[in-house]
Amino acid sequence: MEHFTLLLGVVIITALVFDFTNGFHDTANAMATTISTGALKPKTAVAMSAVLNLVGAFLSVEVAKTISGGIIDEDGIRTEVIFAALVGAILWNLLTWLLGLPSSSSHALFGGLIGAAVMSAGWSSVNGSTVVTKVLLPALAAPLVAGIAAAFATRLTYRLGRGTDEKATAKGYRAGQIASAGLVSLAHGTNDAQKTMGIITLALVTGGVLSPGSNPPVWVITSAGLAIALGTYLGGWRIIRTMGKGLTDLAPPQGFAAQTSAATVILASSHLGFSLSTTQACSGSVMGAGLGRKGGVVRWSTATRMFAAWGLTLPAAGLVGAGAQLLTEQGTWGTVLTGALLVGGSGTIWLLSRRQPVDQHNVNDIGSAEPAGVVTTAIAAVTPPPTAAQAAEAAATTDTATAEQAPPLRATA
Amino acid sequence: MNIDWAALGSVFGVSLVVTVAMVGVFTLGVVGLARREAAVSRQGGTALATTGACLCFAVCAAVVGYGIQLIVA
């Protein structure tokens with residue numbers, strides 16, 4: 001019993017940490033274009049997004065009943081599996097943040113769950129066709145849908161706005177963009193904070209603290225909302241820079257079209273029964289807005305790196321999740337070691353990020369002469385150390401995952 | 001494998017139509033405001049531009065309100 005309570009506590013803390021990384025990873029979705037077009041000052045933008053995420057967490061009445069939406073068999077899922085999955089998701093979120101690549105936090109969580117479940121109960125615990133319909137297809141469809149809508153909207157707004165003074169209209173566009181960004185933030189708070197609540201509730205139920213089918217206690221809702229809001233407020237500036245400036249150059253009308261398209265796609269998809277990933281929709285709409293303007297360009301080298309990260313999210317988080325599961329199966333020392341590796345890995349990534357800090361002061365500075373500069377140097381900075389550092393920590397499992405992730409990124413650089 | 005193409009298609013259709021319509025209406029409002037400013041500086045009539053712009057923004061506000069309702073519900 002004593003041991004179980006410890007594990008339960010660890011899972012709850014890890015879930016909140018995942019919620020936190022989810023927050024700062026996804027700030028870009030709502031606020032990247034708002035910051036890059038100057039509609040809001042960087043700090044104001046993230047503060048607004050944080051507040052709306054917090055409000056969103058309390059708004060939702062329906063709590064996520066499954067954490068994977070049927071991708072894995074959740075009957076009799078053990079607390080260790082949830083913990084291992086969270087470890088995989090957190091490490092992948094942090095690595096993609098270090099590289100400044102927008103990738104889906106939900107896909108990272110799914111990947112971690114798949115890896116941990118396969119390691120724990122074999123391939124039969126994974127529902128292959130649900131992976132295709134809930135992860136792969138939405139990942140392909142979201143950027144296309146949002147991109148095409150944003151491209152048409154951009155074209156239309158430039159045509160209608162012909163012959164007007166650009167300065168006079170910019171103010172209006174920026175105001176509209178803030179409204180769209182607010183909607184995206186609110187929707188994010190309801191969806192993603194809810195996921196964490198679902199995880200914690202499930203862990204409490206499996207731990208026998210709550211009876212099955214009960215609603216999350218108030219402290220779960222509050223802590224999940226606060227964790228995601230705090231993460232959002234800290235701001236994943238690296239990802240904001242890639243999305244707002246790295247993919248394309250956005251003028252206020254484009255930023256407005258992109259953000260409106262993203263908000264519409266997110267709301268339409270979650271209410272018409274075909275869920276699309278927020279991150280992919282937002283990245284797609286930014287590229288669509290870039291292509292929709294006459295003479296607009298999309299920096300395909302950055303986009304390719306982002307696509308590679310999308311493709312790698314599931315397998316990479318899965319490998320780390322599987323490795324973490326292998327360790328936790330060894331008993332208490334394995335769980336403690338996994339926790340230590342998670343803390344060590346996160347610390348390493350944070351230290352690496354200090355070499356070239358990106359914050360609210362330089363988030364909009366990107367040399368347009370060398371569009372790939374930031375990411376390339378970030379990759380150059382990261383490629384050797386993690387492998388070395390993690391080998392030193394004798395993390396054979398996370399090691400293979402890093403090796404798995406690194407080469408394709410290096411190849412595209 | 002059961003892919004719900006109808007749902008995907010409707011998401012695509014609705015997203016495209018709503019985005020383009022919203023951006024279009026909002027742009028008309030913004031352009032209306034800009035015209036109004038220009039008319040004020042020329043001392044011309046501003047009634048039409050003002051009414052049009054207000055109408056456009058009211059439509060946009062209604063759609064945003066509907067969006068919030070979708071999130072809350």
Side-chain angles (χ1 to χ4, degrees), chain A residues 56 59-61 128-130 132-133 137-138 141 144-146 148-150 152-165 168-173 175-176 179-180 182-183 186-187 189-191 253 256-257 260-265 267-276 281 285, chain B residues 1-42 44 46 48-73:
Chain A
L59 274 183
S60 94
V61 283
S129 66
T130 317
V132 175
T133 53
L137 194 62
L144 282 178
V145 173
I148 292 171
F152 276 112
T154 307
R155 190 149 292 188
L156 178 73
T157 193
Y158 272 105
R159 170 156 296 201
L160 289 176
R162 261 182 322 194
T164 49
D165 180 21
T169 54
K171 221 193 307 173
Y173 282 123
S180 308
L183 277 184
L186 200 62
T190 32
N191 285 332
F256 169 65
T260 305
S261 158
T264 315
V265 169
L267 287 181
S269 75
S270 58
H271 291 274
L272 291 172
F274 201 98
S275 212
L276 295 178
S285 67
Chain B
M1 197 170 313
N2 192 7
I3 297 172
D4 195 350
W5 292 110
L8 180 57
S10 65
V11 169
F12 182 66
V14 168
S15 300
L16 189 63
V17 170
V18 173
T19 304
V20 171
M22 272 293 280
V23 169
V25 170
F26 191 84
T27 306
L28 287 179
V30 168
V31 169
L33 275 192
R35 293 258 158 81
R36 179 174 170 269
E37 269 172 38
V40 167
S41 58
R42 281 199 318 269
T46 61
L48 180 69
T50 313
T51 326
C54 285
L55 204 65
C56 291
F57 290 134
V59 170
C60 293
V63 176
V64 171
Y66 180 63
I68 293 176
Q69 203 203 325
L70 278 183
I71 296 174
V72 175

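All values below come from the heavy atoms of this structure, side chains included, with hydrogens, waters and symmetry mates left out. By convention in this document, chain letters (A, B, ...) are assigned in the order of the sequence lines, proteins followed by strands, and residues within each chain are numbered from 1.
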**Student:** Hey, which of B:Val63, B:Val18, B:Leu16, B:Val17 is the one that makes side-chain contact (heavy atoms from CB on, under 4.5 Å) with A:Thr264?
**Tutor:** B:Val18

**Student:** Please name the pair of heavy atoms, one in A:Leu267 and one in B:Ile71, separated by the smallest distance, quoted to 0.1 Å.
**Tutor:** CD2-CG1, 3.5 Å

**Student:** Any heavy-atom pair between the side chains of B:Thr19 and A:Phe152 that's under 4.5 Å?
**Tutor:** no

**Student:** Using heavy-atom distances under 4.5 Å, tell me whether A:Ala141 contacts chain B through its side chain, its backbone, both, or neither.
**Tutor:**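 For A:Ala141, side-chain heavy atoms alone lie under 4.5 Å from chain B.
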
**Student:** So what's closer than 4.5 Å to chain B heavy atoms on A:Ile148: side chain, backbone, both or neither?
**Tutor:** both

**Student:** Answer with side chain, backbone, both or neither: which region of A:Leu156 has an atom nearer than 4.5 Å to a non-hydrogen atom of chain B?
**Tutor:**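 For A:Leu156, side-chain heavy atoms alone lie under 4.5 Å from chain B.
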
**Student:** Where does B:Leu70 contact chain A at under 4.5 Å (heavy atoms): side chain, backbone, both or neither?
**Tutor:** both

**Student:** Sort by residue number and list every residue of residues 20-30 of chain B having at least one heavy atom under 4.5 Å from chain A.
**Tutor:**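 If one takes a 4.5 Å heavy-atom cut-off, the residues of residues 20-30 of chain B near chain A are B:Val20, B:Met22, B:Val23, B:Gly24, B:Phe26, B:Thr27, B:Leu28, B:Val30.
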
**Student:** Can you see which heavy atom on A:Arg162 is nearest to which on B:Arg35, and at what distance?
**Tutor:**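 Smallest heavy-atom distance, with atoms named: O-NH2, 4.5 Å.
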
**Student:** Report, as yes or no, whether the 6.0 Å neighbourhood of atom CZ on B:Phe57 holds more than 12 heavy atoms from other residues, nucleotides or ligands.
**Tutor:**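 Result for CZ/B:Phe57: enclosed.
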
**Student:** Roughly how far, to the nearest 0.5 Å, is the CD1 atom of B:Ile68 from the CG atom of A:Leu59?
**Tutor:** 9.5 Å

**Student:** So which atom in B:Val14 and which in A:Ala268 form the shortest heavy-atom distance, rounded to 0.1 Å?
**Tutor:** CG1-CB, 4.2 Å

